[in-house]
Amino acid sequence: MELSAKYNPAETEDKWYAWWLENRFFHSEPDGREPYTVVIPPPNVTGILHMGHVLNNTLNDVLVRKARMDGKNACWVPGTDHASIATESKVVAKLKEQGISKDDITREEFLRHAWEWKEKHGGIILSQLRKLGASCDWDRTKFTMDPDLSKAVINTFVYFYNKGYIYRGVRMVNWDPVGLTAVSDEEVIHRDTTSKFYHLRYFISDGNGNPTEDFLVIATTRPETIMADAAICVNPADERYHWLRGKKVLIPLINKEIPVIEDSYVEMDFGTGCLKVTPAHDVNDYEIGLRHNLPVLDIIDDHGRLNEKARILVGEDRFEARRKIETMLADAGNLVKVEDYTSPVGYSERTNAVIEPRLSMQWFLKMDALAKDALESVESGRVRLIPDKYRNTYRHWMENVHDWCISRQLWWGQQIPAYYLPDGRYVVASTAEEALVLAQKLDPAVTAADLKQDEDVLDTWFSSWLWPISVFDPEMPGHPEHEPNRDLAYYYPTNDLVTGPDILFFWVARMIMAGNEFMKDVPFHNVYLTGIVRDKLGRKMSKTLGNSPDPLDLIAKYGADGVRLGMLLCTSAGNDILFDESQVEQGRNFCNKIWNAFRLVSSWDVDEGADRPEAAAAAVKWFRNRLDEALATMEDHYGKFRLSDALMGIYRLFWDDFCAWYLELVKPAYGAGIDRATYDATIGFFDSLLKMIHPFMPFITEELWHSLSPRGDRETIMLQRMPVAGSYDSGCISDFEMAKEAVVAVRAIRQQKNISPKEPLKLRIYGDFPAGVLPVVTRLANLGSAETVSGSAVTGTEIPFMVRTVKMSILAEGLVDTEKERVKLEADLRYQEEFLAIVRRKLSNEKFVNGAPEKVVAAERKKEADSISKIESIKASLAALK
RNA sequence: GGGAGCAUAGCUCAGUUGGUUCAGAGCGUCUGCCUUACAAGCAGAGGGUCGGGGGUUCGACUCCCUCUGCUCCCACCA
């Protein structure tokens with residue numbers, strides 16, 4: 001069969017993936033083997049594949065495939081996250097397009113739309129992962145809102161409630177006026193934002209609500225909230241304002257009288273030293289309000305608009321109101337000045353809306369005890385963070401954790417299992433039936449119809465923190481006394497988790513908490529934290545910037561193997577990835593290289609009668625050792641999660657060692673057959689190389705592995721054992737390296753002297769050269785002859801060169817430019833003499849000889865000896881030139 | 001404001017306890033090649049006083065101090 005000179009991934013990738021699925025090679029069931037378990041960081045159910053997913057899942061797949069080939073029972077559990085706020089906002093937007101407002105429909109109707117949306121878009125990202133080659137056990141696909149997983153979430157809530165960890169209360173929370181829900185502290189992104197600093201004049205009241213001549217000036221960034229001011233606050237130590245004690249001031253525009261209070265919270269040297277206290281709309285002000293028993297007046301509604309309590313600008317958006325009130329204040333004579341100002345402003349991670357600190361009734365989970373154990377899990381090393389610089393960050397977070405606001409004012413998610421009695425009291429239970437029983441203990445008259453379930457749902461992370469447990473046994477969360485089922489007992493704890501550092505606290509830390517709580521064991525042993533995928537210019541890839549390529553386009557253009565390789569080549573743990581399409585091109589080129597190496601080998605015909613050439617024998621011996629060496633290095637890199645190093649090692653092994661040296665050495669002459677021993681060895685090497693490459697490039701390796709030798713119907717490379725490093729002879733490798741150096745030197749001479757590669761050259765060797773690899777030089781440097789001569793008298797018709805300490809020369813009558821050679825040799829001589837002087841200076845330093853380890857000193861002495869012999873050799877060559 | 005990290009070739013990065021010519025790799029660049037596996041290729045070459053300065057040491061890319069530049073995390077100065 002004629003093979004194309006270019007590898008065509010489109011012809012192989014879908015075929016093999018379908019075949020893998022058909023044979024259920026990815027499927028895992030508990031058995032006697034050692035398990036290797038990974039759970040996918042569940043992507044948003046309605047999401048589509050982006051470069052971050054490609055990075056993450058490629059790394060995951062490499063680890064899983066490697067473990068599988070190491071003979072472990074590898075299980076990679078896929079699934080999706082319901083992503084309550086992200087999904088809900090998408091559904092709201094889609095309904096809006098259809099002219100439907102969320103306010104006009106019931107919860108049940110909305111959820112019906114949401115589930116439709118989920119059914120329609122929910123599978124997309126998972127099918128995209130298949131394109132990438134991800135070897136997930138699709139039979140185990142889970143969704144965080146599957147009925148059993150949702151039940152686990154509810155049980156968890158009830159468990160922590162009964163344990164006293166969950167409480168309900170009015171607290172200042174981060175309100176997202178676009179998502180219309182509270183979000184947790186972790187979901188707020190602080191960004192420096194330019195705004196204005198308004199200096200406002202508040203007149204002192206005469207006691208009857210009328211302004212006097214006197215006034216004070218406050219500085220604020222939020223003039224639209226002045227109507228909610230409850231006081232003006234100064235530092236008690238601030239003598240400038242002692243005259244204000246006991247006074248009342250009037251809020252501009254609405255002339256509302258508020259007191260002046262003192263609190264050391266106020267910084268005297270910031271702004272004017274006068275702070276307006278607005279308890280409803282600022283976290284600190286709220287705290288001050290509590291201390292001073294100030295009233296709370298909430299003038300901003302859910303959507304971020306001023307409500308009727310503001311008295312003016314009612315119905316205006318907060319930012320619009322800010323613009324308008326500036327003019328109004330100026331007109332009223334209350335605006336002293338406006339300065340430009342930059343300060344951190346909180347934005348919603350999901351909707352990018354400016355967060356409004358707002359007082360509201362929410363559910364919280366106490367974190368201190370959970371965080372303490374989760375910190376210990378990492379500090380003790382039971383969970384290893386890779387790279388470990390994240391341990392510091394992790395510790396800091398765990399030591400400063402706040403209680404977790406777990407309620408969300410959304411519909412898409414697990415509804416909080418709290419049931420209210422008509423009198424306002426409530427009970428918490430897993431089901432309405434159980435709730436009724438509890439409620440009737442409080443009030444025997446209560447009926448099922450009287451009970452009203454809490455409207456809110458739980459934070460998405462309140463379900464995903466159970467993921468490593470609930471995907472195996474959803475009965476377990478909330479029931480620590482439950483006997484783990486067969487799957488959970490076998491697969492838990494999982495081995496490695498690959499995820500981004502941006503969700504270290506959202507997700508990773510909380511999974512550790514849930515694992516400790518319900519399993520009394522950590523959920524995973526290693527957390528490999530990837531970098532963020534950025535573009536060439538270092539900008540984060542994002543939809544809005546439009547700088548993120550569509551992974552599927554890349555796969556179509558370069559093949560999945562090429563994309564995987566391109567991603568992995570620039571990946572070191574924890575560092576950001578500067579992605580560029582040229583890397584994918586490199587990946588594609590590597591596919592092509594492998595493909596063409598195969599084409600070469602497959603074109604060979606074995607000649608059973610042929611003898612093995614010396615060069616081939618040397619090549620086989622060397623490559624056998626080299627392969628073992630490379631395998632040992634590879635294992636070392638895997639052990640340290642240095643996957644791009646492991647890959648690069650294999651890449652060079654294949655391209656340089658195997659293709660450029662080995663194959664060139666064993667390649668039979670055109671039209672000639674190859675001897676059996678060399679052929680078999682080559683097929684064996686190729687087989688090993690394909691296995692080494694397979695975790696990184698699963699498709700092409702499966703394709704070629706099947707073509708390389710006859711295989712059974714259900715034989716797959718993915719279930720072959722990874723070659724194991726044997727012991728190797730480094731002397732053999734070193735000898736071969738010396739032969740390579742000689743070949744390179746001769747080739748360089750050809751280039752310099754413009755000698756065709758086809759012209760056989762005569763080589764002279766002055767000294768000892770490892771005899772076993774001489775045929776290598778003869779073959780690849782295309783030598784007509786190679787003779788070993790004694791002495792060092794190079795004649796004027798030779799071009800001398802050094803390979804390590806061995807002098808060699810090429811006989812090249814008529815091509816030797818004596819003058820040039822002399823200049824070159826003299827330069828070499830000067831270099832060597834300087835080098836020798838440095839070495840001798842070291843060796844004559846007693847402190848060095850006495851202080852340095854023996855090995856180092858011995859090495860220096862060898863340098864000295866080598867240098868002396870080189871100098872002698874160069875001098876002899878120079879003498880011969882004269 | 002607090003904390004962490006980074007700075008090595010044109011670009012992206014290795015360099016594991018200070019010590020074999022340890023200053024490396026990949027890509028890119030330059031030169032010569034359509035050589036019967038591969039021009040998505042082959043052969044060869046050039047390129048860095050390891051951010052600046054100081055210190056410890058027989059010896060520093062590696063350890064310490066300092067300066068400069070960048071990044072990230074955390075944080076309630078309105």
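Here is the naming used below: chain letters follow the sequence lines, and residue numbers restart at 1 for every chain. Computation of the quantities below employed the complete heavy-atom set of this structure, encompassing side-chain atoms and omitting hydrogens, waters and symmetry-equivalent molecules.
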Look through every strand shown and name the nucleotide pairing with [N] as Watson-Crick or G-U wobble, where both distances are under 3.5 Å.
N: rG19(B); answer: rC58(B)
N: rU12(B); answer: rA25(B)
N: rA7(B); answer: rU68(B)
N: rU49(B); answer: none
N: rC34(B); answer: none

**Q.** Side-chain-base donor-acceptor pair under 3.5 Å for Glu860(A) and rU20(B)
**A.** no
(Q) Between the base of rA37(B) and the side chain of Glu664(A), is one N or O donor paired with an acceptor at under 3.5 angstrom? (A) yes
According to a strict under-4.0 Å criterion, is [X] in side-chain N/O contact with OP1 or OP2 of [N]?
X: Trp655(A); N: rC42(B); result: yes
X: Tyr651(A); N: rC27(B); result: yes
X: Tyr341(A); N: rA78(B); result: yes

Lys/Arg-Asp/Glu bridge criterion (N-O < 4.0 Å) met for [X], [Y]:
X: Asp866(A); Y: Lys862(A); answer: yes
X: Glu860(A); Y: Lys842(A); answer: yes
X: Glu833(A); Y: Arg830(A); answer: no

Q. Does the cation-pi check pass for Lys196(A) over Tyr341(A), that is, NZ or CZ under 6.0 Å from the six-membered ring centre and within 45° of its axis?
A. no
**Q.** NZ or CZ of Arg191(A) within 45° of Tyr347(A) ring axis and under 6.0 Å
**A.**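 Yes - Arg191(A) lies over the ring of Tyr347(A), closer than 6.0 Å to its centre and within 45° of its axis.
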Q) How are the rings of Phe590(A) and Phe654(A) set to each other: parallel, tilted or perpendicular (split at 30° and 60°)? A) perpendicular
Q) Less than 6.0 Å separating the ring centroids of Phe658(A) and Phe686(A)? A)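 Yes, the ring of Phe658(A) comes within the 6.0 Å limit of the ring of Phe686(A), centre to centre.
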Q.
Centroid separation under 6.0 Å, is that true for the rings of His199(A) and Phe197(A)?
A.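 Yes, ring centres under 6.0 Å apart.
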Could you tell me whether a side-chain N or O of [X] sits under 3.5 Å from a main-chain N or O of [Y], the two making a donor and an acceptor?
X: Asp285(A); Y: Thr278(A); value: yes
X: Arg779(A); Y: Ala616(A); value: no
X: His281(A); Y: Ile299(A); value: yes

Q) Which residue, Pro757(A) or His402(A), contacts RNA chain B at a nucleotide closer to its 5' end, judged by nearest heavy atom? A) Pro757(A)
Q: From the options Ile749(A), Ile755(A), Ile799(A), select the one residue that forms a side chain to side chain contact (heavy atoms under 4.5 Å, CB included) with Leu761(A).
A: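 Filter result, single survivor: Ile755(A).
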Q. When Asp229(A) is tested against each of Thr220(A), Ile258(A), Leu294(A), Ile218(A) for side chain to side chain contact (heavy atoms under 4.5 Å, CB included), which residue passes?
A. Ile258(A)
Q. Got a sec: does the NZ of Lys753(A) have more than 12 other heavy atoms crowding it under 6.0 Å?
A. yes
When the [atom1] atoms of [N] and [M] are considered, how many whole Å apart are they?
N: rC77(B); M: rG69(B); atom1: C1'; result: 28 Å
N: rC42(B); M: rC27(B); atom1: P; result: 10 Å
N: rU66(B); M: rU29(B); atom1: C1'; result: 38 Å
N: rG48(B); M: rG10(B); atom1: P; result: 7 Å
N: rU16(B); M: rG24(B); atom1: P; result: 15 Å
N: rA39(B); M: rG28(B); atom1: P; result: 16 Å
N: rC13(B); M: rC50(B); atom1: C1'; result: 13 Å
N: rU36(B); M: rU17(B); atom1: P; result: 49 Å

Distances under 3.5 Å between nitrogen or oxygen atoms of protein and nucleotides 12-15 of chain B:
residue : atom : partner   : partner atom : Å
rA14(B) : OP1  : Asn575(A) : ND2          : 2.9
rA14(B) : O3'  : Arg642(A) : NH2          : 2.8
rA14(B) : O2'  : Arg642(A) : NH2          : 3.4
rG15(B) : OP1  : Arg642(A) : NH1          : 3.0
rG15(B) : OP1  : Arg642(A) : NH2          : 3.0

Nearest whole Å is fine: how far is [N] [atom2] from [X] [atom1]?
X: Met398(A); N: rG3(B); atom1: CE; atom2: C1'; value: 17 Å
X: Trp661(A); N: rA37(B); atom1: CH2; atom2: P; value: 18 Å
X: Arg599(A); N: rA40(B); atom1: CZ; atom2: P; value: 14 Å
X: Ile189(A); N: rC73(B); atom1: CD1; atom2: P; value: 8 Å
X: Asn392(A); N: rG2(B); atom1: CG; atom2: C1'; value: 14 Å
X: Glu262(A); N: rA78(B); atom1: CD; atom2: P; value: 22 Å
X: Glu581(A); N: rA40(B); atom1: CD; atom2: P; value: 16 Å

Q.
Give the residues of residues 588-597 of chain A touching RNA chain B, defined as any heavy atom closer than 4.0 Å, sorted by residue number.
A.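 Residues of residues 588-597 of chain A under 4.0 Å from RNA chain B: Arg588(A), Asn589(A), Asn592(A), Lys593(A), Asn596(A), Ala597(A).
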Q: Name the closest nucleotide to the Trp397(A) side chain, picking from rA43(B), rG26(B), rC74(B).
A: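 Per side-chain heavy atoms of Trp397(A), the pick is rC74(B).
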Q: Compare the minimum distances between each of rC74(B), rA25(B), rC73(B) and the side chain of Thr393(A), then state the nucleotide with the smallest one.
A: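 Minimum distance to the Thr393(A) side chain belongs to rC73(B).
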Describe the nucleic acid contact of [X] in one word from base, sugar-phosphate, nothing, applying a heavy-atom distance below 4.0 Å.
X: Gln586(A); result: sugar-phosphate
X: Lys667(A); result: base
X: Phe835(A); result: base
X: Val277(A); result: nothing

(Q) I need a per-nucleotide contact map over nucleotides 56-65 of chain B, read 5' to 3'. Cutoff is protein heavy atoms under 4.0 Å; write B for the base, S for backbone only, - otherwise. (A) --B-------
